[in-house]
Peer 1: 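First the structure, then my questions, so here it is.
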2 protein chains.
Amino acid sequence: MTNHYMALRDSLARRIAVKEMVPGTKLPSERILHSEYDMARGTVREALFQLEAEGLIYRRDRSGWYVSQTPIIYDPTRWAGFMTYVAEQGRVPTTKTLSKTTETVPDAAGVFDSSPDQSFHVIRRRRAIDGHPVLIERIVVHPDIAPGLLAHDLDQSLTQVLKTDYGVSVARNQVTMRPCSLVRDEAAALGVKPGTPGFMVERTSFSADGKIVEYDHEYWRRDAFVISFDLSVV
Amino acid sequence: MTNHYMALRDSLARRIAVKEMVPGTKLPSERILHSEYDMARGTVREALFQLEAEGLIYRRDRSGWYVSQTPIIYDPTRWAGFMTYVAEQGRVPTTKTLSKTTETVPDAAGVFDSSPDQSFHVIRRRRAIDGHPVLIERIVVHPDIAPGLLAHDLDQSLTQVLKTDYGVSVARNQVTMRPCSLVRDEAAALGVKPGTPGFMVERTSFSADGKIVEYDHEYWRRDAFVISFDLSVV
DNA sequence: GAGTGGTCTAGACCACCTT
DNA sequence: AGGTGGTCTAGACCACTCA
């Protein structure tokens, strides 16, 4: 290709590859690239969109473009909760509770096989790696499983709280992951532009006796992880 | 949001959701949308890019925009080869061999722990679901494992050929998946625009005695699948 | 308040697909 | 040959971040 925007893409990709620009580095502004590379600003933006789609850079709304952090390795077969998992890779996980409420949840009725009037504990949290927010989640827990759950400090591992304080542990996870785009709340909470590519993870956790322990929606930044696992053939 | 392009996005997304436009339907051309919705063509394209990132539509280079096919469910824990797997979901898998050669493969030397001069069997194939190409792959096999492999018909399950004709079966897979963008060969073979979002899957298959059976790179269309699995906690 | 990205316009020409 | 998307230009103004 001899496209202008691909030329700029390649130039920036190389500067990232050789670590002239490391994770977290702010790229030159669009107008500076526009004058340095002598192409229209719209063309500069095409190059940046390309790099964003590849997961090499991301944008903070109206702040600038930045080199993406090193992704964590997401191994669904070894998943042991965010806090454990991230720490095992030598990174620093943090959690911030955004809200905790008890309310009806239209899309949970089908999952829990309950009446539409049923109220649930709903917890919204933001989780970060090395101080960089990577996902927000909405967790739905049936109050019968964990009465008074919301009184606890939930900036820690929920898995841990449920096990220690309620004697409930997870025996099985049902997980679905699909590409999405991060909009409104999700984008705002993660500090990225609405429409940024993301990944939606829907997780239903069951206890050994088949009860639903939690029903979870997670919205991840797409550049935050790669999926990797090792698997014996059955 | 009251953005023009988000309004158009929402309008088109709704028409897809209510099945006014079904998978495979060609969208109105950009210029028609431009005049119907009375916004600049660049703004129309922003809406289309948004829908593409969400996996709802895709483009065939210089042909038009189309509603994406229903994704298949990719369950890494049940993976039994493309042909088996797709058929189990009531869809029709096909495979076309693009090339088969014996050559040196720079990036395979590290994986096989062999000399850079080592030649391998290299197979390139394109695989489709219901007639729609969804991935291309490059498979690398050590000739000692399967001498004369390239003489076989490879438009079928390679797993099957290796098992039946060479007595080699896969006991373990090491898999890594990451977002990428489909460029040059990949995009051309899949009939999508270079730069279309994709997923790269790198797979190393081992036999029971720990030998590498195949080393595989797959480039998937990102809208072709969702990942879903059911998993017991260890 | 200066600088940044976000949105939008109104063109132009090109490369390629389709018929 | 006509239509499509692909690329590119040169502006403009807005909403927001940051110092």
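Chain naming here is simple, since letters A, B, ... match the order of the sequence lines and numbering starts at 1 in each.
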Peer 1: Starting at CG of A:Asn3 and ending at C1' of D:dG5, how long is that distance when rounded to a whole Å?
Peer 2: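 Result: 13 Å.
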Peer 1: Spell out, as yes or no, whether a donor-acceptor pair under 3.5 Å connects the side chain of A:Arg126 to the backbone of A:Thr94.
Peer 2: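 Judged by distance alone, no pair lies under 3.5 Å.
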Peer 1: Hey, would you say the B:Tyr215 and B:Phe120 ring centroids sit under 6.0 Å apart?
Peer 2: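 When the ring centroids of B:Tyr215 and B:Phe120 are compared, they turn out to be at least 6.0 Å apart.
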Peer 1: Verify the distance criterion only: is there a donor paired with an acceptor across the side chains of A:Glu30 and A:Trp65 at less than 3.5 Å?
Peer 2: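 Their side chains do contain a donor-acceptor pair, which is all the 3.5 Å distance test asks for.
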Peer 1: Quiz question: by atom type and distance under 3.5 Å, do the side chains of B:Asp155 and B:Thr95 form a donor-acceptor pair?
Peer 2: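 B:Asp155 vs B:Thr95: no donor-acceptor pair found between side chains.
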Peer 1: Send over the distance from B:Tyr66 OH to D:dT4 P, rounded to a whole Å.
Peer 2: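 Whole-Å distance recorded here is 11 Å.
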Peer 1: Choose from D:dG5, C:dG6, D:dT9 the nucleotide whose nearest atom is closest to any side-chain atom of B:Trp65.
Peer 2: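 For the B:Trp65 side chain, the nearest candidate turns out to be D:dG5.
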Peer 1: Using ring centroids (six-membered ring only for Trp), state whether A:Phe49 and B:Phe49 fall under 6.0 Å.
Peer 2: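 Not under 6.0 Å, so no.
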Peer 1: Has the side chain of A:Ser228 got a donor or acceptor atom that lies under 3.5 Å from a matching backbone atom of A:Ile73?
Peer 2: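 Side chain of A:Ser228 to backbone of A:Ile73: no pair is present.
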Peer 1: To the nearest Å, give me how far apart CZ (A:Phe49) and P (C:dG6) are.
Peer 2: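 Rounding to the nearest Å, CZ of A:Phe49 and P of C:dG6 are 7 Å apart.
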Peer 1: State whether A:Arg45 places a side-chain N or O below 4.0 Å from either non-bridging phosphate oxygen (OP1 or OP2) of C:dG5.
Peer 2: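 Answer is no, no contact under 4.0 Å.
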Peer 1: Name every residue in residues 55-62 of chain A that has at least one heavy atom under 4.0 Å from any atom of DNA chain C, in order of residue number, or write none if there are no such residues.
Peer 2: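 Listed by number, they are A:Arg59, A:Asp61, A:Arg62.
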Peer 1: Using whole Å, what does the distance between atom C1' of nucleotide D:dC8 and atom CD of B:Glu46 come to?
Peer 2: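 That distance rounds to 15 Å.
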Peer 1: Under 4.0 Å from OP1 or OP2 of D:dC8: is there any side-chain N or O of A:Tyr5 that close?
Peer 2: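 No, A:Tyr5 has no side-chain N/O under 4.0 Å of OP1/OP2 on D:dC8.
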Peer 1: Sort out for me which residue in B:Glu46, B:His4, B:Glu54 forms a side chain to side chain donor-acceptor pair (under 3.5 Å) with B:Arg9.
Peer 2: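 Single side chain to side chain donor-acceptor pair (under 3.5 Å) partner of B:Arg9 among B:Glu46, B:His4, B:Glu54: B:Glu54.
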Peer 1: Using atom types as modelled and distance alone, determine if a side-chain donor or acceptor of B:Tyr219 lies under 3.5 Å from a backbone N or O of B:Ala187.
Peer 2: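 Checked: no pair found.
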Peer 1: I want to check one thing: is the phosphate of D:dC16, taken as OP1 and OP2, less than 4.0 Å away from some side-chain N or O of A:Ser63?
Peer 2: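 Looking at the OP1 and OP2 atoms of D:dC16, neither is under 4.0 Å from any side-chain N or O of A:Ser63.
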Peer 1: Does anything in residues 24-43 of chain B come within less than 4.0 Å of DNA chain D? Heavy atoms only, and list the residues if so.
Peer 2: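 DNA chain D contact set from residues 24-43 of chain B: B:Ser29, B:Glu30, B:Arg31, B:Arg41.
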Peer 1: Within the distance-only criterion (no hydrogens, no angle test), does the side chain of A:Lys26 pair as donor or acceptor with the backbone N or O of A:Ser63 below 3.5 angstrom?
Peer 2: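 Yes, the answer is positive, given that a donor and an acceptor are paired below the 3.5 Å cut-off.
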